[in-house]
Novice: 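Structure in structure tokens, see below.
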Number of protein chains: 2
Amino acid sequence: MEELDQRIVQLLLQDGRMSYTDLGKATGLSTSAVHQRVRRLEQRGVIRGYTAIVDPEAVDLALTAFISVKPFDPSAPDDTPERLVGLAEIEACHSVAGDENYILKVRVPGPGDLEDLLARIRSAAGVSTRTTVVLSTPYEARPPKL
Amino acid sequence: MEELDQRIVQLLLQDGRMSYTDLGKATGLSTSAVHQRVRRLEQRGVIRGYTAIVDPEAVDLALTAFISVKPFDPSAPDDTPERLVGLAEIEACHSVAGDENYILKVRVPGPGDLEDLLARIRSAAGVSTRTTVVLSTPYEARPPKL
DNA sequence: GATGCGCTGGTCGAGTTCCTCCACAAGGCG
DNA sequence: CGCCTTGTGGAGGAACTCGACCAGCGCATC
């Protein structure tokens with residue numbers, strides 16, 4: 001990816017609502033040119049979308065946890081992600097190397113909901129779980145430096 | 001938080017670039033009223049910012065990993081997050097319950113960079129590390145359901 | 001080595017839409 | 001009643017978006 005696109009992406013990572021006009025000023029391009037490039041980045045899949053960064057506690061999702069997941073039957077075909085995709089509390093699902101197969105990042109209002117969620121995960125995917133509760137998060141969702 | 005704010009936040013989680021006019025149509029409020037509410041949400045810290053969601057591979061950050069971190073000296077005052085905040089490869093830092101003290105989420109171009117980063121983490125924070133490499137991520141950064 | 005063609009990626013301008021601020025109204029509440 | 005909060009509506013200015021046009025470049029053709 002070339003220099004200009006990279007700078008545009010960098011700027012949009014830092015402020016996803018920046019206007020095309022400002023992006024143009026920051027990159028030395030005209031508004032239309034920037035707009036065109038952003039559209040291309042979007043349809044190439046480099047930019048997958050935009051979102052607000054929200055304080056989880058303010059929306060009643062005070063409890064974050066990582067759940068490591070391992071199928072009961074390692075020989076069965078592994079469709080864990082599809083089985084879990086319907087659980088909205090799961091923010092992310094990573095397939096990982098190591099003892100367990102997947103790491104899930106989940107957010108729930110409180111401990112009771114976590115207990116409930118764990119039961120639903122186990123029954124939906126046929127897996128055993130190991131949960132690591134997040135006590136606090138010093139930082140999160142930092143934009144990467146390109 | 002009341003119903004209307006919640007719906008606005010929900011919409012902005014799904015599309016961080018939605019215009020105030022559209023937010024108004026979706027919530028039945030006038031453009032000005034929505035704008036006012038969003039501003040309040042921002043300055044109350046409910047909305048911390050906006051960002052583009054970018055395909056990591058497209059920006060040469062193909063390797064994601066979780067690094068669990070534990071100080072060499074458990075009795076020393078723990079300022080690990082501050083010591084690591086300067087390392088741009090670290091996307092998130094969570095203090096967790098369990099055997100280790102923190103879980104870091106990091107992104108680097110490749111294995112060599114991970115090795116290098118681990119060395120920098122250890123020397124900067126005086127910690128031992130255990131890293132879990134992400135093989136693939138079925139989904140990530142899903143907007144929570146409010 | 002020129003000529004000419006198509007492609008890519010840029011500027012410019014104009015019409016439309018959106019943002020943003022302000023004045024004012026409607027509803028709690030002491 | 002007065003005050004605070006939260007809405008509405010409108011107007012001026014800024015931003016978006018589209019089309020027309022242009023410059024550079026690769027390349028087949030003469």
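Here the structure is a predicted model, which means the values were calculated and not measured. Both backbone and side-chain heavy atoms feed into the values below; hydrogens, waters and symmetry mates do not. Throughout, protein chains are lettered first and strands after them, A, B, ... in sequence-line order, and every chain is numbered starting at 1.
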Novice: From D:dC16, C:dG9, C:dC19, pick the nucleotide closest to the side chain of A:Gln36?
Specialist: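 The nucleotide sitting nearest to the side chain is C:dG9.
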Novice: Which of the following nucleotides, C:dC21, C:dG10, C:dC18, is nearest to the side chain of B:Thr21?
Specialist: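 Nearest nucleotide to the side chain: C:dC18.
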Novice: Can you tell me how far P of C:dT8 sits from CG of A:Leu4, to the nearest Å?
Specialist: 18 Å
Novice: Among D:dT8, C:dG9, D:dC16, which nucleotide sits nearest the side chain of B:Ser30?
Specialist: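 Looking only at heavy atoms from C-beta outward on B:Ser30, the closest nucleotide is D:dT8.
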Novice: Return the minimal non-hydrogen interatomic distance between B:Ala124 and B:Leu84, and the atom names on each side.
Specialist: CB-CD2, 4.4 Å
Novice: Could you tell me whether the phosphate oxygens of D:dT6, OP1 or OP2, come under 4.0 Å of any side-chain nitrogen or oxygen in B:Arg39?
Specialist: no
Novice: State which of D:dA15, C:dG13, C:dC19 makes the closest approach to the side chain of A:Asp22.
Specialist: D:dA15
Novice: With nearest nucleotide decided by heavy atoms, which residue, A:Lys25 or B:Thr31, maps closer to the 5′ end of DNA chain D?
Specialist: B:Thr31
Novice: Can you tell me whether the side chain of A:Ser32 and the base of D:dC18 have a donor-acceptor pair closer than 3.5 Å?
Specialist: yes
Novice: Run the side-chain hydrogen bond (donor to acceptor under 3.5 Å, both in side chains) test on A:Thr64 and A:Arg107 for me, step by step, so that the C-alpha distance in whole Å, both residues' side-chain angles and the decisive distance to 0.1 Å come before the verdict.
Specialist: CA-CA 5 Å; A:Thr64 303; A:Arg107 291 196 199 270; 2.8 Å; yes
Novice: For B:Tyr50 and B:Gly16, which heavy atoms make the closest approach, and how far apart are they?
Specialist: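 Looking at all heavy atoms of both residues, the shortest contact is CD2-O, 3.8 Å.
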Novice: If I take atom CD in residue B:Glu2 and atom P in nucleotide D:dT5, what distance separates them, rounded to the nearest angstrom?
Specialist: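 Rounded to whole Å, this separation is 14 Å.
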Novice: Heavy-atom nearest nucleotide on DNA chain C for A:Leu29 versus A:Arg17: which residue maps closer to 5'?
Specialist: A:Leu29
Novice: Decide yes or no, distance alone: a donor-acceptor N/O pair under 3.5 angstrom between the base of C:dC19 and the side-chain of B:Ser19.
Specialist: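 Side chain to base: no pair present.
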Novice: Which nucleotide sits closest to the side chain of A:Arg40: C:dC19, C:dG10, D:dC16?
Specialist: C:dG10
Novice: If we check side-chain contact (heavy atoms from CB on, under 4.5 Å) with A:Val54, which of these qualifies: B:Val9, B:Leu12, B:Leu146?
Specialist: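 Going through the options one by one, the only one that passes is B:Val9.
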Novice: Just how far, in rounded Å, is P of D:dA15 from CE of A:Met18?
Specialist: 12 Å
Novice: Does A:Tyr20 have B:Arg17 sitting over its ring (NZ/CZ under 6.0 Å from centre, angle to axis within 45°)?
Specialist: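 Here B:Arg17 passes the 6.0 Å and 45° test against A:Tyr20.
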Novice: Between B:Leu23 (CG) and C:dC18 (C1'), how many Å, whole number?
Specialist: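 For the pair B:Leu23 CG and C:dC18 C1', the rounded distance is 12 Å.
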Novice: Measure from CZ on A:Arg37 to P on C:dT11 and round the result to the nearest Å.
Specialist: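 It works out to 9 Å between those atoms.
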Novice: Can you identify which nucleotide, out of C:dG10, D:dG9, C:dT20, has its nearest atom closest to the B:His35 side chain?
Specialist: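 Of the candidates, C:dT20 comes closest.
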